[in-house]
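Presented below is the structure to which this report refers.
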Amino acid sequence: MDIGLIGLPRSGKTTIFNLLTHAHVDTTAFGGKVESRRGLAPVPDPRLEWLRNLYHPKKVTPAQLTVVDVPGLARNDSQGPNRFLHDVRQVDALIHVVRGFRSELGEDPAPLAELEDMELELNLSDLDLVEKRRERIRAAKKATKEMQHELLLLDQLFEVLESGQRLDQLSLMEEDRRFFSGYQFLTLKPMIWLLNLDEESFRSGHYRDRERIEAMAREKGIPLVLMAGAMEEEIQQLDEADRIEFLRDLGVEETGTARLARATYQHLGLISFLTAGEDEVRAWTIQRGTRAKEAAGKIHSDIERGFIRAEVVAFDALVKAGNLAKAREHGDVRLEGKDYVMQDGDVVNFRFNV
Ligand SMILES: Nc1nc2c(ncn2[C@@H]2O[C@H](COP(=O)(O)OP(=O)(O)O)[C@@H](O)[C@H]2O)c(=O)[nH]1
Ligand SMILES: [Mg+2]
């Protein structure tokens, strides 16, 4: 699953990309890159630290999200929108990075306008798709039952879009959803708004048009994450002790990067199960609702194919017991079959034969 960072040029996308993926891409040059850039962002998970202390493994591997730094949508660029929309279509979810600091050219932040512009751009692109498809069906010599059904659905989509709503706000039947999956509608992609604020606004929590932005986010069901990109860069360079001190002074427990990674994970309906041993402690990403056998396939296709049972203990029960042997004594370690629905924080040992 690819998550695209999108927004106007100079809004801080590459800065956020660097923070999330621990990369060092230059952000001083104007003009930027024309192509998208990909990287892996670890998802912070304190449970891994607890397991590290229990098992002292050779390595600890967090869950990771694939992040894509999409070149900015330039205003007044005739080629811009098409190339931009093409790039956006390639990713599965979007983080819209909005400038909430005074630009190098001295422009005041205009976060509300940036949000509205982007929403409009995505909305118009979807409207265009719907309209083209409607025309094609109407022009067909003979419309099949299926096409007639699609036309009715398209009319519904058109109405939603025309009223300025996102398509993900329309509750479609499961089979109709599948019907449209080939379209790659942009307003069906999960969206997160990231306000990249200057340090002062971040500390005070006050920024321009805050009430209206919060209302719009609520209305559209979009998570709103606040962060101070430039300050985060400094925080990331501190050692552990100084970082904790700095965060405490700010009155927050986690870095903005950590909050963003976690908000994204949750908004996409992702959960982690954990495996733990002397070799490796690791978090694995699955979609909420995934069953045990399929989850085993995340680790290796052989484990899925030869699946016998999953030995499962909830992380919290493991912590309470202190270790696996004690958890077993308490009866907290369960044997689950292939159809068991995995839960976030399950510590699992798959039994299989090949
Ligand atoms: N003051 C301030 N400047 C920032 C912040 N985030 C990024 N910048 C600066 O804004 C400029 C553009 O950042 P960049 O990440 O390259 O933006 P992009 O074009 O969206 O990729 C750079 O000079 C950054 O140092 C921030 O939170 N506060
Ligand atoms: Mg950039």
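In this text, all values refer to a predicted model and were calculated from it rather than measured experimentally. Ligands are counted one by one from 1 in listed order, and the atoms in each one are counted from 1 as well.
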If we number the atoms of ligand 1 from 1 as shown, the ones under 4.0 Å from a heavy atom of Gly229 are 27 (O)
- Message: Out of all atoms in ligand 1, which are within 4.0 Å of some heavy atom of Leu197? Include the element for each.
- Response: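 Answer for ligand 1: 27 (O).
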Value for CG (Leu250) from CD1 (Ile235), rounded to nearest 0.5 Å, stands at 5.5 Å
Separation between OG1 (Thr21) and CZ (Arg37), nearest 0.5 Å, reads 9.5 Å
Give the residue and atom name of whichever protein heavy atom lies nearest to [atom], and the separation in Å to one decimal.
atom                    : answer
atom 19 (O) of ligand 1 : Arg10 N, 2.7 Å
atom 24 (C) of ligand 1 : Thr15 OG1, 4.0 Å
atom 17 (O) of ligand 1 : Gly12 N, 3.0 Å
atom 16 (O) of ligand 1 : Thr27 CB, 3.3 Å
atom 8 (N) of ligand 1  : Phe101 CZ, 3.5 Å
atom 6 (N) of ligand 1  : Asn196 ND2, 3.1 Å

Whether [X] lies under 4.0 Å from ligand 1, heavy atom:
X     : result
Val97 : no
Leu8  : yes
Gly7  : no

Classify the side-chain pair Thr144/Glu146 by whether it contains a donor and acceptor separated by less than 3.5 Å.
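Distance-only check fails for Thr144 and Glu146.
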| query | Is it true that a side-chain atom of Glu232 and a backbone atom of Thr15 form a donor plus acceptor pair closer than 3.5 Å? | reply |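 Answer holds: no.
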message = Please check: side-chain N/O of Arg166 versus main-chain N/O of Lys189, any donor-acceptor pairing under 3.5 Å?
response =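 Indeed, once roles are kept as given, a pair shorter than 3.5 Å links the two residues.
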Cluster membership besides Ile244, Ile/Leu/Val/Met/Phe/Trp/Tyr side chains within less than 4.5 angstrom, sorted by chain and number, is none
Checking heavy atoms under 4.0 Å, the part of Asp198 that sits near ligand 1 is neither
Is Pro9 in polar range of ligand 1, meaning some N or O pair under 3.5 Å apart?
no
**Asked** Is there a side-chain contact between Met227 and Ile16 (heavy atoms, below 4.5 Å)?
**Response** yes
Discussion item. What I'd like to find out is whether the side chain of Arg203 reaches to under 4.5 Å of the side chain of Asp249, using heavy atoms alone.
Written reply: yes
Can you tell me if an N/O/S atom from Thr15 lies under 2.8 Å from the Mg ion (ligand 2)? no
Please confirm whether Arg134 makes a cation-pi placement over Phe158, using NZ or CZ under 6.0 Å from the six-membered ring centre and within 45° of the ring normal.
yes
Review point. Are the charged groups of Asp316 and Arg47 less than 4.0 angstrom apart, N to O?
Key: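 Between Arg47 and Asp316 there is no salt bridge, as every charged N stays at least 4.0 Å from the carboxylate O atoms.
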Note: heavy atom closest to atom 23 (O) of ligand 1, options Met227, Lys13, Glu104, Glu232, belongs to Glu104
